[in-house]
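Encoded as structure tokens, the structure appears first; notes follow it.
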2 protein chains.
Amino acid sequence: MAETHTSSRHRLQSTDLATEIEFLMARARALGTSKANEQLAALNLKARSYAVLALACSDSRPSQRELAEFLSLDASQIVALVDGLESRGLVVREPDTSDRRSNVIVGTPEGVALYERAVSVVSAAEGKSLGSLSETERDQLRELLARVAFEG
Amino acid sequence: MAETHTSSRHRLQSTDLATEIEFLMARARALGTSKANEQLAALNLKARSYAVLALACSDSRPSQRELAEFLSLDASQIVALVDGLESRGLVVREPDTSDRRSNVIVGTPEGVALYERAVSVVSAAEGKSLGSLSETERDQLRELLARVAFEG
DNA sequence: AGTCAATAGTTTATTTTATCAACTAATTCC
DNA sequence: GGAATTAGTTGATAAAATAAACTATTGACT
């Protein structure tokens, strides 16, 4: 019999690459994002539009520039994402009264309603992805990642 | 004065999204990958070709299918990546004697030499990315991520 | 042995995402 | 007031993700 799926994975898992945090993050994220996207598809969302919607529906009133920086995306991609959500009536561009160059992106009631459904979907998916971790371990992971993600 | 870069980040950092592990991984990885790519550019590599080279230069003798599964990439992308490395004389496709459909991807001496330079470059970049974490914390993070990345 | 299903790799096409330059309008700095 | 900077937008181009179709095996089954 040829080598099984699982045994080959174990073989590669003992390489140096498999101990690199960068690589582990890429792999963990690929798994998680694909699970999340699967579930979000039912709401006609993806991980990226979900993230924009989440910030729009928070009370943080982000500008597009802030969305770009926070989500590690180019400003032009934010335009496209906001266009998509706005055309569905989920968010609006509010002119920033203190700086007329700037828009504040805010969720509409429909946007908030959809966001709330999306949150439960995403957190269920996250629950599956992190199934092998205890609550304490999840908190640890969250805290360590936050320090890496927001360093500087 | 308008809101500063840093204060807006703090404002968004207190949103629900900012506590989602999925999001934190995406952001941490974006930072890390861009730093790694910057450094790898001098060797004419990127994170992805580096990963393939690393596995080829290990003693694990991966097939292309195994590379695809392990790196969460489509088989057709592996073709392109191996083509690129092979045309530079860094890896070779060795026919698998026990299954003639399958290639084993192996690093050449030149490939190994370049890989060794790349490892030090990448680990320096990782050091910067994880600058705020102690050794113990890095090990913790590595172990938690590994469990998420290789669950199931 | 012979058929049939499944697998490894490849090619090609399509879509999505990333990157970057150019432009407008508004703001800030001097 | 004028120069430099910034937020948003558009458009072009390159890189990456996704998926179908095809070839050459191999494996399973009878």
Quiz item: CG of D74(A) versus C1' of dT10(D): gap in Å, rounded?
Solution: 12 Å
Quiz item: When you measure from the side chain of R65(A), which nucleotide among dA7(D), dC20(C), dT27(C) comes out closest?
Solution: dA7(D)
Quiz item: Would you say R93(B) reaches dT10(C)'s phosphate, i.e. side-chain N/O to OP1/OP2 under 4.0 Å?
Solution: yes
Practice problem: Can you figure out which of dG9(C), dT9(D), dT26(D) approaches the side chain of A75(A) most closely? | Solution: dT9(D)
Quiz item: So, E126(B) and R138(B), do they make that salt bridge, N to O below 4.0 Å?
Solution: no
Exercise. Could you check whether the rings of F150(A) and F23(B) sit parallel, tilted or perpendicular, using 30° and 60° as the cut-offs?
Key: tilted
Practice problem: Nearest whole angstrom, please: distance from the P of dA15(D) to the CG of L73(B). | Solution: 16 Å
Quiz item: In whole angstrom, what separates D99(B)'s CG from dG9(C)'s P?
Solution: 8 Å
Quiz item: How do S76(A) and K46(A) order along DNA chain C: which one's closest nucleotide is nearer the 5' end?
Solution: K46(A)
Quiz item: Less than 4.0 Å between a side-chain N and a carboxylate O, is that true for E110(B) and R88(B)?
Solution: no
Practice problem: Could you check how far CD of E38(B) sits from C1' of dA18(C), rounded to whole Å? | Solution: 16 Å
Practice problem: Please name the pair of heavy atoms, one in A149(B) and one in A28(A), separated by the smallest distance, quoted to 0.1 Å. | Solution: CB-N, 4.0 Å
Practice problem: Using a 4.0 Å heavy-atom cut-off across all strands, classify D96(B) as base, sugar-phosphate, or nothing. | Solution: nothing
Exercise. Specify the separation, in whole Å, of atom CD of E69(A) and atom P of dG8(D).
Key: 13 Å
Quiz item: Has S102(B) got a side-chain N or O lying under 4.0 Å from the OP1 or OP2 atom of dT7(C)?
Solution: no
Practice problem: Assess whether one donor atom and one acceptor atom, taken from the side chain of R101(B) and the base of dT7(C), lie less than 3.5 Å apart. | Solution: yes
Quiz item: The side chain of Q64(B) lies closest to which of these nucleotides: dT10(C), dA15(D), dT18(D)?
Solution: dT10(C)
Practice problem: Take the protein atom CD of E94(A) and the nucleotide atom P of dA7(D), then report the distance between them rounded to whole Å. | Solution: 19 Å
Quiz prompt | 5′-ward residue of the pair R100(A)/I78(B) relative to DNA chain C | solution = I78(B)
Quiz item: Are E20(A) and Y50(B) close enough that a side-chain donor and a side-chain acceptor fall under 3.5 Å?
Solution: yes
Quiz item: What's the closest nucleotide to the Q77(A) side chain, out of dA7(D), dT11(C), dT17(C)?
Solution: dT17(C)
Practice problem: Would you indicate which nucleotide in dG8(D), dT26(D), dT18(D) comes nearest to any side-chain atom of N103(A)? | Solution: dG8(D)
